[in-house]
Amino acid sequence: MTVTPVSRPVRVLTTPREIDLSVRDHLTRGLERAVTCEPGHVIVDMSSTTFCDSSGLSALARALRRASASGSTMSVVVSHRSVRRVFDLVGLEKAVPLYTSLGEARAAASG
């Protein structure tokens with residue numbers, strides 16, 4: 001997982017292929033760094049993620065709250081149907097903008 005500056009103040013955090021309890025702490029630390037390093041916009045790029053369980057969704061929900069508290073915003077790139085379905089089932093798509101590609105998310109963050 002890497003945090004890549006795109007253009008200030010937009011940051012991109014790329015998630016692993018599978019998000020479960022075994023990567024939760026690593027994901028949580030990465031998200032926390034991305035949303036609190038300076039106010040801006042964080043794009044969580046889950047375009048390569050094919051599986052995300054409740055521990056990943058919980059980490060994203062906590063990061064969303066921290067982003068808001070620190071003056072940042074967040075969006076998520078979800079391109080796999082199985083991951084999108086999980087977002088839809090728990091209602092997280094109502095709390096954070098979802099995009100199907102990184103280019104779409106970057107364009108929305110810039111405009």
>> Test salt bridge (Lys or Arg N to Asp or Glu O under 4.0 Å) on Arg84 and Asp88; report intermediate values, then the result.
In response: CA-CA 6 Å; Arg84 176 60 190 247; Asp88 294 343; 3.0 Å; yes

> Where do Val12 and Leu102 land on the side chain to side chain contact (heavy atoms under 4.5 Å, CB included) test, with the steps shown first?
Replying inline: CA-CA 9 Å; Val12 176; Leu102 183 55; 4.1 Å; yes

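Judged by distance alone, the side chains of His41 and Thr73 do bring a donor and an acceptor atom under 3.5 Å apart. Between Thr36 and Ser70, the side chains place no donor N or O within less than 3.5 Å of an acceptor N or O (distance only, hydrogens not considered). Counting only N and O atoms by type, the side chains of Arg62 and Ser58 include a donor and acceptor under 3.5 Å apart.
The structure places CZ of Arg33 at 11.0 Å from OG1 of Thr28, a figure rounded to the nearest 0.5 Å. Summarising the geometry, atom CG belonging to Leu60 is positioned 5.5 Å from atom CG belonging to Leu31; distances are rounded to the nearest 0.5 Å. Interatomic distance, Glu18 CD to Cys52 SG, rounded to the nearest 0.5 Å: 10.5 Å. For the atom pair CZ (Arg17) and NE2 (His80), the distance works out to 6.5 Å, reported to the nearest 0.5 Å. Remark: Leu27 CG to Glu32 CD distance equals 11.5 Å, nearest 0.5 Å. Between the OG atom of Ser54 and the CG atom of Leu89 there is a distance of 12.5 Å, given to the nearest 0.5 Å.
No donor-acceptor pair under 3.5 Å is formed between the side chain of Ser75 and the backbone N or O of Ala109. In this structure a side-chain-to-backbone donor-acceptor pair under 3.5 Å is present from Arg11 to Ala34.
Partner Val23 forms a side chain to side chain contact (heavy atoms under 4.5 Å, CB included) with one of Asp25, Leu21, Ile19 and no other, that one being Ile19. For the pairing with Thr49, the side chain to side chain contact (heavy atoms under 4.5 Å, CB included) check across Val77, Val78, Thr15 returns one residue only, Thr15.
In this structure the side chain of Val10 never reaches within 4.5 angstrom of the side chain of Arg106, judged on heavy atoms. Contact annotation: the side chain of Leu13 never approaches that of Ile43 to less than 4.5 Å [non-hydrogen atoms, C-beta and beyond].
Here the closest heavy-atom approach between residue Val35 and residue Ser72 is recorded as O-OG, 3.2 Å. Contact between Phe87 and Met46 at its shortest, heavy atoms only, is CZ-SD, 3.9 Å. For the residue pair Ser55 and Asp20, the shortest heavy atom distance occurs at OG-C, 3.2 Å. Between Pro9 and Pro39 the shortest heavy-atom distance is CB-O, 3.6 Å.
When hydrophobic clusters are built by joining Ile, Leu, Val, Met, Phe, Trp and Tyr residues whose side-chain heavy atoms come closer than 4.5 Å, directly or via intermediates, Val42 is not grouped with Tyr99. Cluster membership check: Met74 shares its hydrophobic cluster with Val90, using side-chain heavy-atom separations under 4.5 Å among Ile, Leu, Val, Met, Phe, Trp and Tyr.
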